[in-house]
Structures are given as C-alpha cells and as structure tokens.
4 protein chains.
Amino acid sequence: MATKSLDKAQKEQAILQTASLFFARDGYRNTDVQAIADEVGVGKGTIYRYFGNKEALFRATANAAMEHLVSELRPILTREGDPIALIKEVALAYCRFYSQHPHYVEILIQERAEFRGSIPDTHLIYRAKNRSLFEDLLQRAMALGLIRKLDVNSVTTAFANTLYGTVVCGCLQGQSDDLVALAVPAIDLFLTAIQVDNGVTL
Amino acid sequence: MATKSLDKAQKEQAILQTASLFFARDGYRNTDVQAIADEVGVGKGTIYRYFGNKEALFRATANAAMEHLVSELRPILTREGDPIALIKEVALAYCRFYSQHPHYVEILIQERAEFRGSIPDTHLIYRAKNRSLFEDLLQRAMALGLIRKLDVNSVTTAFANTLYGTVVCGCLQGQSDDLVALAVPAIDLFLTAIQVDNGVTL
Amino acid sequence: MATKSLDKAQKEQAILQTASLFFARDGYRNTDVQAIADEVGVGKGTIYRYFGNKEALFRATANAAMEHLVSELRPILTREGDPIALIKEVALAYCRFYSQHPHYVEILIQERAEFRGSIPDTHLIYRAKNRSLFEDLLQRAMALGLIRKLDVNSVTTAFANTLYGTVVCGCLQGQSDDLVALAVPAIDLFLTAIQVDNGVTL
Amino acid sequence: MATKSLDKAQKEQAILQTASLFFARDGYRNTDVQAIADEVGVGKGTIYRYFGNKEALFRATANAAMEHLVSELRPILTREGDPIALIKEVALAYCRFYSQHPHYVEILIQERAEFRGSIPDTHLIYRAKNRSLFEDLLQRAMALGLIRKLDVNSVTTAFANTLYGTVVCGCLQGQSDDLVALAVPAIDLFLTAIQVDNGVTL
DNA sequence: CATGAATGAGCCTTCATTCAT
DNA sequence: TATGAATGAAGGCTCATTCAT
C-alpha cells in the first residue's frame with residue numbers, strides 16, 4: 001500500500017486515540033498495553049518508545065483530552081460580547097464537549113482513581129490555567145452592573161464544581177448524550193443567582 | 001484476657017474500616033487483601049470468609065459509607081421546621097460528612113473507576129433512594145411560598161450535582177478538611193436562585 | 001428426634017460412604033473436606049477426629065472398597081466345585097461388582113494419581129492377598145486335567161490385568177453399567193486359551 | 001555463543017518434556033508450573049505464553065505422549081506380512097514403548113484423575129483413531145484362515161484392555177522396566193485363543 | 001467429644017517492562 | 001527504529017488443618 005506506515009506524529013496520535021478509548025472503556029488497570037498495540041497495529045515496544053511507560057501514556061491521553069477541551073472553550077472565553085451570554089455559552093460548550101466525548105470523563109475519573117495524590121489532577125491543572133479567563137468574564141459583567149458584587153473566586157469555583165458534578169453524575173447515570181439538557185437548569189439557577197435585582201445579598 | 005478477640009460483628013467492622021482506608025489511600029487495584037488482613041490482625045482467609053472476594057469487600061465498604069452518610073442526613077431531611085433552613089442544613093451536613101470522612105470520596109471514585117458500568121454506582125443508588133425526601137422539602141417550601149415555582153426534579157438534580165462536584169473537586173484539590181467553607185458560596189447561590197422576589201423567571 | 005445422632009460406628013460409616021462418593025465424583029484434590037462434612041451433617045473437626053487427615057480418610061475409603069470387593073469374591077473363590085466354572089464366575093463377579101459400584105474404580109485411579117509411589121496401591125495389596133486363592137483354582141483345574149500345564153503365576157497375573165484393564169477402560173468409556181458384557185469376550189478368550197486340546201503349547 | 005537460546009519449537013519441546021516428567025513424578029495437582037519453568041530455565045510467563053494455562057500444558061503432554069506412541073505403532077500396523085506376527089509385534093512394541101517411557105502411563109492416569117468426564121480421555125481418543133488398523137490385521141488373519149471367526153470388534157477391545165491392564169498394573173507394581181516380559185504370557189494366551197484348531201467355538 | 005471459625009502456605013495467572021534481533 | 005518474545009514480580013483465592021469453645 002502507498003502509505004504503508006504512518007509518520008511519527010500520526011502514529012503517536014493513533015496510539016493516543018486508541019489508548020484513550022481503551023482506558024475509558026476498560027479502566028486504566030484493566031487495559032493491557034498489548035491490546036492498545038494490537039488495535040493500533042504497532043508493536044508494544046513502539047508504544048514504550050513513544051511514551052515511556054503505561055502511566056505516561058495515560059497522562060498523555062488525559063492531557064490531550066484537556067487540550068481538546070480548552071481548544072473548544074478558549075475561543076468562547078476570549079470572545080468579545082455580552083459576558084452573561086458568554087458565560088452561558090461556555091458552560092453549554094463545556095457540557096456539549098463531554099456529551100460528544102464522554103470517554104474523557106472516564107479518563108478523568110481513572111486518573112484520579114489510579115494516581116490520587118501522586119500527581120496533580122490534569123483536570124484541575126487545566127481548570128487553574130483557564131479560570132482567570134472565566135473570572136475576567138465575571139469581572140466584566142460586574143463592571144457593567146450585570147451581576148451583583150460577588151467574590152469572583154468563590155463564584156467561579158462554585159460554578160466550575162457545579163458543571164463538573166453535572167457532567168460526572170450525568171455520565172455515571174448514562175445520560176452522557178444529554179448532558180446539556182441536564183445542565184441547563186443548573187446553569188440557569190446560577191445565572192439567576194448572580195444577576196442583580198433579585199433583592200438578595202449573598 | 002477478657003476480650004481476647006472481637007466478636008463476629010466487631011471483626012467485620014474492623015475489616016470494613018481498614019479496607020475502607022486502604023482502598024481510599026492506595027486505590028482498589030493497588031490494595032493487597034493481605035495488607036488489609038495484616039493491618040486488622042486477622043488471616044487473609046478470614047477476610048475471604050467474611051466477604052467472599054475482594055470485589056465484595058470493596059462494595060461492602062462503599063455501602064457502609066453510604067449507609068453512614070444516610071444515617072446522618074435522614075434525621076435532618078425528616079425533621080420538622082423551615083424547609084429553607086433544612087435544605088441548607090442538610091447540604092452543610094453532606095459536606096461536613098465528607099470533610100470528616102474524606103476517604104469515602106475516594107471510595108466512590110474507586111468504585112466508578114473499577115466497576116464502571118458493571119453495576120450501578122452505590123452513590124447513585126443511595127441518591128435515588130433518598131432524593132424524594134429532599135424533593136419533599138422543596139415541595140413544602142414551594143407550598144409555603146418560600147421558593148418559586150420550579151421543576152422540583154430538575155432543581156434537585158442540579159443541587160445534588162453541585163454538592164457532588166464541590167465535594168469531589170474539593171477533595172481532589174486537597175481541601176477535604178474545609179469542604180463546608182468551599183460549599184457555602186455554592187449553597188447560597190442555589191438558595192438565592194430558588195427563592196422568590198428575585199424578579200427572574202426561570 | 002429419637003436418634004438425634006448416630007453412634008460412633010454409624011457416623012464413621014456415613015463419613016466413609018460420603019467421602020467415597022465425593023472422591024469418585026470430584027477427584028481427591030477437588031474434594032473439599034468441608035463438603036463431605038456438610039453432606040454428612042457433621043462438623044469438619046469430627047472428620048479429622050475420626051480419620052486424622054484427608055489422606056487417611058481417602059485411604060480408608062480405598063480400603064473399604066477393597067474389603068467390599070473381597071467380601072464378594074472370597075465366597076466364590078473358596079467354594080467347592082468345577083474350577084473352570086468358578087474362574088468364570090469370579091471373573092464375572094469382579095466385573096459385576098465394579099458395574100454396581102463404578103465409583104470404586106475412580107477411587108483406585110485417584111489413589112494412584114495422588115499417592116503414586118508414596119504407598120503401595122490398595123488395589124494391588126488386595127490382589128496380592130487374594131491371588132493365592134485364584135492360583136489354587138488354577139492348580140486344581142490343572143490337577144484335574146482341565147487346563148494345560150501353565151505357569152500359574154504368569155497366568156494369574158495376565159488374567160488379573162485383563163480384568164483390570166477391562167473394568168478401568170470400560171468405566172473410562174462410560175460403559176460402567178455393562179462391564180460384564182464387555183468382559184465376557186475377554187474371559188472366554190482366556191478360558192479358551194488355558195483349556196486343553198487346543199493343540200497349542202504355550 | 002552460537003546457539004544462545006533454543007528456537008521456538010525446541011523450547012516448546014523442552015517445556016513439554018520437562019512438564020511430562022514433573023506431571024508424572026509429582027502428579028498434576030502437585031506440580032507447580034514454576035518448578036517446570038525453573039527446570040527448563042525459562043520464565044513462568046513463557047510457559048503461559050506457549051500453552052495458555054496449566055491444563056492446556058498438561059493436555060499437550062498427554063497428546064504428545066500419544067502421538068509418540070502412535071508414531072511407533074503405526075509403521076508396524078501398516079506393514080505387510082504375516083498378520084499374526086504383526087499382532088504380536090505391535091503388542092510387544094506397545095509394551096516396550098511404555099517400558100521405555102513409563103512416565104507416560106502416569107500422565108494417562110493423571111489425566112483421568114484430574115479431568116474425569118470433563119473431556120474425553122486422550123488415551124481413548126487415540127485408541128479409537130487407530131483401532132481400525134488393528135481390526136484390519138484381524139480381518140486379514142481371518143481371511144487367511146489363520147484365526148477363527150470372531151467378532152473383530154470384541155476381540156480388539158479385549159486385547160486392547162488386556163494390554164492396557166498389563167501396562168498400568170505393571171507400572172503400578174514397579175515393573176515398568178520389564179513390561180514386555182510381563183505381557184508375553186498375556187499376549188500368548190490371546191494368540192492361542194484366537195488361532196484355529198483349538199476345537200472351541202467362542 | 002463435637003464443632004466450625006480462623007489460619008496462611010501454596011499456586012495459578014496476569015501484564016508492565018525489557019532487550020535482542 | 002520497530003518489534004514482540006521473554007520475563008518475573010505481584011496478588012487473588014483455596015482449602016487442609018488446628019484449636020478454643
């Protein structure tokens with residue numbers, strides 16, 4: 001055949017892709033590196049050559065998942081426009097992302113389960129790296145008088161945790177294909193709570 | 001000596017307790033049943049006699065954790081009084097519980113990681129069994145005109161997911177000893193959102 | 001109940017009986033002493049009190065089987081009458097015995113399989129103890145001129161091995177309920193061969 | 001070194017050979033796969049790679065034994081010449097084979113003891129596959145008027161069982177190095193019985 | 001005497017990782 | 001550079017035996 005073998009980058013991507021699916025479907029510990037190699041069509045040694053060991057391979061999949069997520073959310077977070085609308089939009093995009101890639105949720109759970117404590121959670125690293133963008137949105141909304149004076153940090157954490165809880169529990173309950181619908185009430189409650197004129201001081 | 005050895009129930013509890021800590025600290029797959037036996041001071045065979053196999057032992061710890069949680073929340077959920085106050089109280093109790101028993105969070109994560117799909121998640125079974133009590137509180141509050149007309153089911157789910165996300169992410173970030181403080185903003189946002197006179201229609 | 005528990009001898013017999021069936025059905029190594037105890041309805045400790053250990057229990061079943069066999073064959077071997085007829089009769093009785101108690105065949109195989117070499121085979125001990133009775137029959141027949149001059153020892157061994165082979169292979173092939181029919185041709189060939197007037201010198 | 005390690009087929013043979021000896025000497029259940037690996041000088045994993053599991057390894061030894069036996073008997077069974085002489089020759093070869101490889105007898109016993117019923121006995125499978133060759137010899141002898149009119153099937157079974165009984169009992173009695181001498185009387189009795197001019201109708 | 005809970009040595013099997021080709 | 005055969009540490013589970021009650 002013409003392209004008998006993929007080039008290095010393509011092969012790495014193929015391994016990552018397959019590993020991701022296997023880790024999500026079978027769990028980290030139940031996934032045999034050999035099975036990934038067989039599925040991709042490379043030797044087991046190649047995987048070790050590319051990724052060093054099983055743990056590193058796994059982490060690479062977790063990172064790729066988060067990179068993927070960020071690549072979808074960043075454009076929204078950095079877009080001009082009504083901050084309230086953007087907050088809603090990014091929240092929905094977050095849910096839609098996991099709805100389209102439910103195995104990423106499993107990856108996050110697997111990571112925590114297997115490596116709890118030994119290294120910082122990839123999910124939280126990415127949250128930390130990007131939360132300032134979300135906080136900027138809140139600041140902007142506050143400056144425009146669209147939302148009440150709130151502790152931006154606490155509210156960001158609360159919202160992030162709410163979305164996380166919704167996505168994870170939704171997937172656990174087999175509603176991964178409808179995470180958006182599941183999240184809408186939670187998002188609306190959040191927006192309701194932060195907006196002005198509700199006569200309540202938080 | 002008087003109490004040379006524990007009675008059957010005590011021994012079972014001791015095994016469950018130790019298993020719980022080991023599973024939480026090392027993960028399900030990284031925990032050697034022998035290590036649990038050694039720590040408890042019984043033979044490995046005794047553990048197998050009591051629980052059948054490693055998986056059953058693990059599930060027993062997950063169940064015990066949930067029973068424990070329920071035993072703390074039920075009295076609040078079934079208490080008379082201001083529903084809004086009770087909602088807040090039960091949410092705080094939920095967080096306090098996990099703050100005091102952070103390893104239970106790990107147990108839930110481990111369960112999902114290892115047995116995803118093969119059996120319904122213990123956490124969700126318990127949530128399902130007890131959610132009607134929470135919904136009753138919302139209904140009561142609604143009847144009293146304390147909160148807006150909302151879809152009780154959706155709101156319950158949203159709130160449960162929020163608390164779950166807060167607890168899990170809090171533990172992941174090493175803030176397990178202060179889950180209550182972490183949750184307060186989220187709880188207040190929720191209460192703000194559902195209460196009347198905020199001029200917003202959900 | 002009146003006879004709440006069996007007396008010592010009865011209990012020993014019951015254990016032996018059950019052990020025999022279990023060892024034959026499941027094999028020595030696959031038989032759990034606990035299972036025997038449960039089936040008999042006694043404590044496991046009782047079995048150990050009566051028989052010492054699993055191996056001794058097994059040997060006791062092998063011995064009982066052989067005692068049983070001998071108790072059926074002896075009367076024939078020691079009976080007066082036509083030696084040729086008695087030879088045939090004892091051979092048929094041997095086969096009939098195993099046809100009626102096919103699990104004894106398994107016991108013999110199990111014994112050999114598990115204890116090969118470590119102790120003399122029960123089956124062969126009994127054969128040795130009783131072969132002189134068979135040889136007496138041959139001597140008698142020879143003295144009466146009914147059979148040719150043969151080496152009694154060799155012929156006895158040859159016949160015993162033939163019957164053994166027939167019984168064992170018959171059972172292995174699932175023809176344990178018809179060992180007699182299977183043996184008749186072999187027995188007749190044997191009788192034909194040893195009798196006079198066949199013009200052949202062995 | 002030139003032949004640093006054995007090639008695949010050689011290694012498989014070495015494992016089979018060693019396994020065969022261990023299973024025969026210690027019994028199936030008492031043989032530790034690790035011990036075989038150590039003796040052969042390979043890792044335990046290698047054995048599992050080659051044979052899958054302990055049972056399959058065992059069955060492979062049983063099959064190899066039978067293939068070996070057949071490879072020795074077939075040339076005789078298919079040779080031209082005096083059928084009576086060939087019958088005697090093949091019988092002697094059968095005994096000589098087990099005399100030279102007495103551990104194969106143990107393998108057959110072990111197989112039956114451990115797997116009774118769960119799978120057809122290897123020994124009997126091979127007997128079934130090759131008995132027609134022996135029956136052909138009998139037919140030929142009958143056609144030539146060398147032996148009486150007999151039921152070929154019954155006689156074949158009788159003879160096979162006789163040889164089996166002789167070999168097994170011979171080995172059990174520690175006479176494995178002289179099975180041929182042990183069998184000669186039985187073989188001669190058989191040949192005497194089937195040949196013509198003995199004035200008896202079976 | 002009888003019991004059966006407790007024990008722990010023993011063994012099969014898996015799979016991450018290595019390294020000779 | 002790619003491969004995949006070989007490795008062996010690790011761990012789940014069983015069950016004969018003991019002994020306190």
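Residue numbers start from 1 in every chain, and the chains themselves are labelled A, B, ... in the order their sequence lines are given, proteins ahead of strands. Values reported hereafter were calculated over all heavy atoms of this structure, with side chains retained and with hydrogens, waters and symmetry mates removed.
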Item to check | Cation over ring face, R29(C) and Y28(D), 6.0 Å, 45° | outcome: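 Not flagged: R29(C) not positioned over aromatic ring of Y28(D).
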Who is the Watson-Crick or G-U wobble partner of [N], with both distances under 3.5 Å?
N	result
dC11(E)	dG12(F)
dA16(E)	dT7(F)
dT21(F)	dA2(E)

State the [atom1]-[atom2] distance between [X] and [Y], to the nearest 0.5 angstrom.
X	Y	atom1	atom2	result
Y50(A)	L57(A)	OH	CG	13.0 Å
E106(B)	T61(B)	CD	OG1	12.0 Å
Q13(D)	S20(D)	CD	OG	10.5 Å
L172(A)	R116(B)	CG	CZ	11.5 Å

Item to check | Short side-chain donor-acceptor distance under 3.5 Å, Y126(D) and E67(D) | outcome: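 Note: E67(D) and Y126(D) side chains meet the donor-acceptor criterion.
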Next on the checklist: Would you say T18(C) and E39(C) are linked by a side-chain donor-acceptor pair, where the criterion is simply a distance under 3.5 Å?
Outcome noted: no
Looking at [N], I'd like to know if its phosphate oxygens (OP1 or OP2) sit under 4.0 Å from a side-chain N or O belonging to [X].
X	N	answer
K11(B)	dA5(E)	no
Y50(D)	dA6(F)	yes
R49(B)	dA5(E)	yes

Specify the separation, in whole Å, of atom [atom1] of [X] and atom [atom2] of [N].
X	N	atom1	atom2	value
I47(D)	dA5(F)	CD1	P	17 Å
L57(B)	dC13(F)	CG	C1'	13 Å
K8(D)	dT3(F)	NZ	P	18 Å
D26(B)	dA10(F)	CG	P	15 Å
I36(D)	dG8(F)	CD1	P	17 Å
Q10(D)	dA5(F)	CD	P	17 Å

Quick test: give all pairs of protein nitrogen or oxygen and nucleotides 14-17 of chain F nitrogen or oxygen below 3.5 Å, distance rounded to 0.1 Å.
unit_1: dA16(F); atom_1: OP1; unit_2: T31(C); atom_2: O; d: 3.1
unit_1: dA16(F); atom_1: OP1; unit_2: K54(C); atom_2: NZ; d: 2.6
unit_1: dA16(F); atom_1: OP2; unit_2: D32(C); atom_2: OD1; d: 3.2
unit_1: dA16(F); atom_1: OP2; unit_2: V33(C); atom_2: N; d: 3.1
unit_1: dT17(F); atom_1: OP2; unit_2: Y48(C); atom_2: OH; d: 3.3
unit_1: dT17(F); atom_1: OP2; unit_2: K54(C); atom_2: N; d: 3.0
unit_1: dT17(F); atom_1: O4; unit_2: K44(C); atom_2: NZ; d: 2.7

Next on the checklist: Applying a 4.0 Å non-hydrogen cut-off, can you work out what F51(B) is touching in the nucleic acid: base, sugar-phosphate, or nothing?
Outcome noted: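 Contact class for F51(B): none.
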